[in-house]
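Since the structure comes first, as structure tokens, the remarks are kept for the end.
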Amino acid sequence: MPHFTDQLAAAVRRTGNAVCVGLDPRWEQLPWPITTGRENEPNGHADAYLDFCCGVIDVVAPLVPVVKPQMAFFEELGPSGMTALAEVIRYAQERGLLVILDGKRNDIGSTAEAYARGLLGRGVSPWGADCLTVSPYLGEDSLTPFVEVARDRGAGLFVLVKTSNPGGGLLQDLVANEQTVYRHVASLVEKLSAETAGESGYGLAGAVVGATYPEQLAELRAAMPHTWFLVPGFGSQGGAAKDVAPAFDSGGLGAVINNSRGIIFAHARKEYAEQFGDQHWQRAVEAATKLMIEQLS
Ligand SMILES: O=c1ccn([C@@H]2O[C@H](COP(=O)(O)O)[C@@H](O)[C@H]2O)c(=O)[nH]1
């Protein structure tokens, strides 16, 4: 069974672009056709998140290879949110999209196993994501269960290496044994990737590297030849096409670039608000997605 990264490489080739659409629903930013009448309903917010995300998926499924639901926004709603999340994952997969679940999980190995079994793997677990984001800071033995479950289930991982937020450097840029902490994490992830490299040349353990750090993107691309990158921070966090160019290999593969707010809430962006507005929010999603595809090409 091809692992996630081989499937992702094939999906990027098929769609001709490396855009990952982030599904980060926020009640206050949803267009009014989605929220109206649901404000005081018992499961109104979860129903709105489900309809909204499925509406985004309908638009982007023919255009991009992958989506990334952000677990936090669904978890915030409690059980109704978690049910909505499971349905969003299933809906995206039914429409041919790969799904990276952004949950940033990890724990000691024996607990990590439960996260891995529960969250990864199409048709096996109740969640069945194709890929999961994980934290490296409990060490290699905490990553091993994810690698094993991912290998068994044809799934993948993205390990936090150099995050996009301004404060990430406080710990990640510290120097130990003459190397930054993020380079130590990068070496560990690259080892796991090299050991699991598939047809695409990339392994099942990928790395999260922020678009907001282009120099480190270039440094890590050179240091991690078997590691696919998930690059958040494009758009709302300031990352632009020129910043993410170093994330790709010479064949134009090796990275997907995430954009959440800039695409899903495009109806509120000044360039689209007048033309589309809340009423035609899906057309704004389509325009923003196509613009990002063009910018990356
Ligand atoms: O380093 C990281 C890791 C994860 N994220 C997540 O990506 C999206 C970014 O959303 P935008 O609206 O495109 O800014 C969001 O879910 C973050 O939690 C990240 O930004 N940086």
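Residue numbers run from 1 in the order of the sequence given. Counting starts at 1 for both ligands and their atoms, following the listed order. All heavy atoms count here, side chains included; hydrogens, waters and symmetry mates do not.
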Is the closest N or O pair between Asn165 and ligand 1 shorter than 3.5 Å? no
Under 3.5 Å between any N/O of Ser164 and any N/O of ligand 1: does that happen in this structure? yes
Do Leu296 and Val231 belong together in a cluster built from hydrophobic side chains that touch within less than 4.5 Å? yes
Would you please say whether a donor-acceptor pair under 3.5 Å links the side chains of Ser260 and Asp24? yes
Would you check if there is a donor-acceptor pair between the side chains of Asp243 and Tyr213 at a distance under 3.5 Å? no
Minimum non-hydrogen distance to atom 15 (C) of ligand 1, winning option of Asn258, Val21, Asp24, Thr133: Asp24
Nearest non-hydrogen contact with atom 20 (O) of ligand 1 belongs to which option: Arg261, Gln237, Gln70, Lys104? Gln237
Evaluate the criterion side chain to side chain donor-acceptor pair (under 3.5 Å) for residue pair Gln7 and Asp130; output intermediate values, then yes/no. CA-CA 10 Å; Gln7 296 172 47; Asp130 299 297; 5.8 Å; no
Could you check atom 10 (O) of ligand 1 against the protein and tell me its nearest heavy-atom contact, residue, atom and distance included? Ser260 OG, 3.2 Å
Identify the closest protein heavy atom to atom 5 (N) of ligand 1: which residue and atom is it, and at what distance? Pro232 CB, 3.8 Å
Within a distance under 4.0 Å of any heavy atom of Thr163, pick out the atoms of ligand 1 and give their elements. 1 (O)
Please confirm whether Lys68 approaches ligand 1 to less than 4.0 Å, judged on its heavy atoms. yes
Is NZ or CZ of Arg26 both nearer than 6.0 Å to the six-membered ring centre of Phe265 and within 45° of the ring axis? no
Using a strict cut-off of less than 4.0 Å between a Lys/Arg side-chain nitrogen and an Asp/Glu carboxylate oxygen, indicate whether Asp102 and Lys104 qualify as a salt bridge. yes
